[in-house]
Enquirer: 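Below are the structure tokens for one structure; questions will follow.
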Amino acid sequence: MSNTQKSSQNLAISKKKRSTSVYAKYNESKPIVCDLNKYEEDLINHDKEKNKFLKVKNLPKTPITVIESRSHNTKPISIRNLCQSRFIKGPNVRKSLQLKWGSRPKTVLVIKKKDSKSATRITKKILHYLVYGAKVNVLIEPSAQKDFPDNTPFKNDNKSYLNEIVDFVVSVGGDGTILHVCNLFNLQPIPPLLAFHSGTLGFLACYDYKDYRNSIKSTIKGKFFLTLRSRLVCRVFSNNELVYKTNVLNEVVVGRGSSSHLCNLKCLCDEVSFTRIQADGVLIGTPTGSTAYNLSAGGPITHPSSSGILFTPICAHSLSARPLVFPDSVKLKIKVARSSRGTCTCFFDGINGCTLNRGDYIVISTSKYPLPSINRTNAISDWFSGISTILSWNDRKVVQKPLSTKK
């Protein structure tokens with residue numbers, strides 16, 4: 001092969017590789033998406049005072065997705081790199097994250113609440129609009145194919161390819177349906193989630209299904225705001241060997257399960273022992289999960305955009321046991337003491353469970369794959385609307401009267 005043929009082949013290979021990357025040009029005042037074909041070499045780490053360039057590898061699907069912010073100190077990144085929270089720093093950045101499609105979305109995954117006639121009826125309307133109105137490809141769960149025989153189900157035996165082809169997810173149901181979506185994208189990036197409420201509580205699903213046409217239309221158009229809901233990655237060890245690994249959106253609970261004995265748990269933060277708890281259990285939660293089981297256990301309520309890991313004892317046999325909030329950069333280890341009277345049980349978002357014997361432990365840290373949920377208005381308004389209307393936070397019917405000015 002001649003040198004000319006080799007150089008042509010290398011150029012073709014480099015162009016093929018570049019099709020799975022995106023160069024996002026960053027300007028101090030206005031982030032924009034640049035054409036890939038305009039760049040023949042890497043333009044990374046330029047002078048901070050000039051226009052900056054960020055190379056994002058392994059784009060998960062055809063449409064280019066860029067995160068922009070009203071804050072000037074945040075670079076645009078792809079959805080796949082939303083996991084790297086180091087790109088998202090500074091005050092007021094998380095609440096103003098905005099997604100912009102580089103090209104029109106092509107594939108949508110639709111998940112509905114199981115065994116719900118109302119969710120099935122709503123989903124049929126949404127599917128019809130997505131296919132014939134929005135003109136996008138639609139994927140459904142294999143278990144829902146009997147309700148929607150005209151739509152294509154994804155392969156149930158291999159879900160790892162979903163985040164490579166799905167541009168955004170539509171869920172129809174309540175908070176349990178959103179937890180199911182997170183379980184489908186376990187240990188991998190999640191596309192942006194558009195959640196319609198048709199369940200019981202619907203604290204996380206902020207969209208009204210009655211306005212599904214406009215909601216889907218604005219999502220496809222882009223420039224909507226996101227809330228990055230952090231998840232926790234949990235690793236269970238038995239005899240110092242990893243036996244189970246999963247992500248949770250709300251919380252992981254280490255409890256006594258069906259045992260009549262209190263849990264005897266050693267708690268460590270970054271390998272530093274900070275307490276030993278004798279209780280019904282301990283809850284390690286996310287800011288999103290602060291309004292779930294954590295709320296019932298007396299833990300603090302935190303905004304989902306805040307960074308932290310919640311540590312809440314459950315019915316501790318101590319008057320001084322209080323909830324804690326750790327930085328999201330630490331690793332927590334919960335270990336069953338050798339002297340424990342019984343075993344403990346782990347529950348992950350209330351779905352799956354596993355047994356911890358004496359000496360077993362679980363290591364919990366912040367996952368690099370958060371859930372990007374699409375806001376109806378913005379992160380602050382949606383959250384306060386939920387805790388006020390659904391949880392009746394600070395709901396006082398009587399307002400204190402002013403002092404009389406008469407002498």
Enquirer: For residues 298-324, which residue pairs qualify under salt bridge (Lys or Arg N to Asp or Glu O under 4.0 Å), counting only residues two or more places apart or in two chains?
Expert: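 Found none.
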Enquirer: I'd like to check the ring-ring contact (aromatic ring centres under 6.0 Å, His included) partners of Tyr361; sequence neighbours left out, ordered by chain and number.
Expert: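 For Tyr361 the ring-ring contact (aromatic ring centres under 6.0 Å, His included) partners, ignoring immediate neighbours, are Phe237.
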Enquirer: Which pair of heavy atoms, one from Val282 and one from Ile277, lies closest together, and at what distance?
Expert: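 Scanning both residues completely, I find the closest heavy atoms to be CG2-CD1, 4.4 Å.
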Enquirer: Thr302: which residues meet the side-chain contact (heavy atoms from CB on, under 4.5 Å) condition with it, sequence neighbours left out?
Expert: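 Only Pro287, Ser290, Ser306, Leu310 meet the side-chain contact (heavy atoms from CB on, under 4.5 Å) criterion with Thr302.
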Enquirer: Could you list the donor-acceptor pairs under 3.5 angstrom formed by side chains in residues 125-136, with sequence neighbours left out?
Expert:
| unit_1 | atom_1 | unit_2 | atom_2 | d |
| --- | --- | --- | --- | --- |
| Lys135 | NZ | Tyr132 | O | 3.4 |

Enquirer: What pairs with Arg376 under salt bridge (charged side-chain N to carboxylate O under 4.0 Å, His left out), at least two apart in sequence or on another chain?
Expert: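 Expected list: none.
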Enquirer: With heavy-atom distances below 4.5 Å as the criterion, would you say the side chains of Asp360 and Val236 are in contact?
Expert: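 No; the side chains remain at least 4.5 Å from each other.
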Enquirer: Of Leu283, Ile334, Leu332, Ile284, which meets side-chain contact (heavy atoms from CB on, under 4.5 Å) against Val252?
Expert: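 So, applying the side-chain contact (heavy atoms from CB on, under 4.5 Å) to Val252 and each of Leu283, Ile334, Leu332, Ile284, only Ile284 qualifies.
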Enquirer: If you round to the nearest 0.5 Å, how far is CG of Leu228 from OG of Ser373?
Expert: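 Rounded to the nearest 0.5 Å, the OG-CG separation comes to 8.0 Å.
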Enquirer: Please give me the minimum heavy-atom distance between Cys234 and Val248, naming the atom from each residue.
Expert: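 Here Cys234 and Val248 meet closest at SG-CG2, 4.1 Å.
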Enquirer: Which side-chain hydrogen bond (donor to acceptor under 3.5 Å, both in side chains) pairs, counting each pair once, include a residue from residues 206-222, with sequence neighbours left out?
Expert: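 As it turns out, the side-chain hydrogen bond (donor to acceptor under 3.5 Å, both in side chains) pairs with a partner in residues 206-222, which skip direct neighbours, are Asp211-Asn214.
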Enquirer: Are side-chain heavy atoms of Thr120 and Phe148 found at a separation under 4.5 Å?
Expert: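 When only atoms from C-beta onward are counted, Phe148 and Thr120 do touch, with a gap below 4.5 Å.
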Enquirer: Using the six-membered ring wherever Trp is involved, compare the ring planes of Phe384 and Trp393 and label them parallel, tilted or perpendicular (cut-offs 30° and 60°).
Expert: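 Tilted.
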Enquirer: Measure from the side-chain N and O atoms of Thr288 to the backbone N and O of Pro304, and report whether any donor-acceptor pair falls under 3.5 Å.
Expert: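 Flag not set: sc Thr288 to bb Pro304 has no pair under 3.5 Å.
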Enquirer: Using side-chain contact (heavy atoms from CB on, under 4.5 Å), reason through Thr177 and Val172 one step at a time and then give a plain yes or no.
Expert: CA-CA 7 Å; Thr177 309; Val172 182; over 6 Å; no
Enquirer: Any side-chain heavy-atom pair from Ser305 and Trp383 closer than 4.5 angstrom?
Expert: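 Sidechains of Trp383 and Ser305: no contact.
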Enquirer: What pairs meet the salt bridge (Lys or Arg N to Asp or Glu O under 4.0 Å) rule with one or both residues in residues 136-152, with sequence neighbours excluded?
Expert: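 Residue pairs passing salt bridge (Lys or Arg N to Asp or Glu O under 4.0 Å), neighbours aside: Lys112-Asp147.
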Enquirer: Not counting sequence neighbours, which residues clear side-chain hydrogen bond (donor to acceptor under 3.5 Å, both in side chains) with Lys333? List them please.
Expert: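 Scan of Lys333 (side-chain hydrogen bond (donor to acceptor under 3.5 Å, both in side chains), adjacent residues dropped) gives Glu271.
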Enquirer: Within a strict 4.5 Å, meaning less than it, do heavy atoms of the Tyr369 and Ile190 side chains meet?
Expert: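 Contact flag for Tyr369/Ile190 side chains = no.
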Enquirer: Could you grab the distance from atom NZ of Lys113 to atom CD1 of Ile178, nearest 0.5 Å is fine?
Expert: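 Here the interatomic distance stands at 12.0 Å.
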Enquirer: Is the distance between the ring centroids of Tyr293 and Phe347 under 6.0 Å?
Expert: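 Between Phe347 and Tyr293, the centre distance exceeds or equals 6.0 Å.
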Enquirer: Please examine the side chains of Arg229 and Thr286, heavy atoms only from C-beta on, and report whether any two atoms are closer than 4.5 Å.
Expert: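 The answer is no, as the side chains (C-beta and beyond) never meet within the 4.5 Å cut-off.
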Enquirer: When rounded to the nearest 0.5 angstrom, what is the spacing between CD1 in Ile165 and CG in Leu139?
Expert: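 Going from CD1 on Ile165 over to CG on Leu139, the span is 5.0 Å.
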Enquirer: Might you work through the side-chain contact (heavy atoms from CB on, under 4.5 Å) test for Leu226 and Ile374, ending with a clear yes or no?
Expert: CA-CA 5 Å; Leu226 293 173; Ile374 300 175; 3.8 Å; yes
Enquirer: Using a 6.0 Å cut-off, check whether atom CG of Asn394 has over 12 heavy atoms from anything other than its own residue.
Expert: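 Yes.
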Enquirer: Quick one: list whatever passes side-chain contact (heavy atoms from CB on, under 4.5 Å) with His261, sequence neighbours left out.
Expert: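 If we apply the side-chain contact (heavy atoms from CB on, under 4.5 Å) test to His261, skipping adjacent residues, the hits are Ser259, Arg341.
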Enquirer: Which pair of heavy atoms, one from Trp101 and one from Asp167, lies closest together, and at what distance?
Expert: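 For Trp101 and Asp167, the tightest heavy-atom pair comes out as CH2-O, 3.5 Å.
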Enquirer: Within the structure provided, determine whether Val169 and Phe185 are in side-chain contact (heavy-atom separation under 4.5 Å).
Expert: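 Touching, per the 4.5 Å side-chain cut-off.
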Enquirer: Checking Leu187 against Lys245 for the side-chain contact (heavy atoms from CB on, under 4.5 Å) test, could you report, in this order, the C-alpha distance in whole Å, the side-chain angles of both residues, the deciding distance, and whether it holds?
Expert: CA-CA 8 Å; Leu187 302 175; Lys245 182 179 178 181; 4.0 Å; yes
Enquirer: Holding to side-chain contact (heavy atoms from CB on, under 4.5 Å), I want the full list of residues that pass it with Asn264, two or more places apart in sequence or in another chain.
Expert: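 For Asn264, the residues satisfying side-chain contact (heavy atoms from CB on, under 4.5 Å) (neighbours in sequence not counted) are Arg276, Gln278, Ala337, Ser339, Ser340.
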Enquirer: Can Leu249 and Leu204 be said to form a side-chain contact (heavy atoms from CB on, under 4.5 Å), step by step?
Expert: CA-CA 11 Å; Leu249 178 64; Leu204 303 180; 4.2 Å; yes
Enquirer: Quick check against the 3.5 Å criterion: does Asn357 have a side-chain atom that pairs as donor or acceptor with the backbone of Thr343?
Expert: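 Not a single qualifying donor-acceptor pair exists.
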Enquirer: Do the side chain of Asp349 and the main chain of Asn250 share a donor and acceptor less than 3.5 angstrom apart?
Expert: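 Yes, because the side chain of Asp349 sits within donor-acceptor range (under 3.5 Å) of the backbone of Asn250.
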Enquirer: Is Ile309 close to Val325 at the side-chain level, that is, under 4.5 Å between some pair of heavy atoms?
Expert: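 No, side chains not in contact.
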Enquirer: Supply the atom-to-atom distance Thr275 OG1 to Leu324 CG, rounded to the nearest 0.5 angstrom.
Expert: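 Going from OG1 on Thr275 over to CG on Leu324, the span is 8.5 Å.
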Enquirer: Please list, chain by chain and in numerical order, all residues satisfying side-chain hydrogen bond (donor to acceptor under 3.5 Å, both in side chains) with Ser171, sequence neighbours excluded.
Expert: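 Residues passing side-chain hydrogen bond (donor to acceptor under 3.5 Å, both in side chains) with Ser171: none at all.
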Enquirer: To check you understand the geometry: which heavy-atom pair defines the closest contact between Asn247 and Asn186, and what is its length?
Expert: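 Where Asn247 meets Asn186 most closely, the heavy atoms are N-OD1, 2.9 Å.
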Enquirer: How close do Pro323 and Gly298 get, counting heavy atoms only, and between which atoms?
Expert: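 Scanning both residues completely, I find the closest heavy atoms to be CG-O, 3.6 Å.
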Enquirer: How many angstroms lie between atom CG of Leu268 and atom OG of Ser273, to the nearest 0.5 angstrom?
Expert: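 One gets 5.0 Å once the value is rounded to the nearest 0.5 Å.
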Enquirer: State, yes or no, whether a side-chain contact exists between Ile220 and Ile216 at a heavy-atom distance under 4.5 Å.
Expert: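 When only atoms from C-beta onward are counted, Ile216 and Ile220 do touch, with a gap below 4.5 Å.
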Enquirer: Rounded at 0.5 Å granularity, tell me how far CG in Asn163 sits from CG in Leu184.
Expert: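 Answer for the CG-CG pair, Asn163 versus Leu184, is 12.0 Å.
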Enquirer: Is the distance from the ring center of Phe168 to that of Phe224 below 6.0 Å?
Expert: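 No; Phe224 has its ring centre 6.0 Å or more from that of Phe168.
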Enquirer: Can you run down the salt bridge (Lys or Arg N to Asp or Glu O under 4.0 Å) pairs that involve residues 280-309, sequence neighbours left out, and say none if there aren't any?
Expert: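 For residues 280-309, and leaving out neighbouring residues, the salt bridge (Lys or Arg N to Asp or Glu O under 4.0 Å) pairs sorted by first residue read Arg256-Asp280.
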Enquirer: Looking only at heavy atoms, which two atoms of His317 and Leu262 are closest? And how far apart?
Expert: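 Minimum heavy-atom contact is CB-CD1, 4.0 Å.
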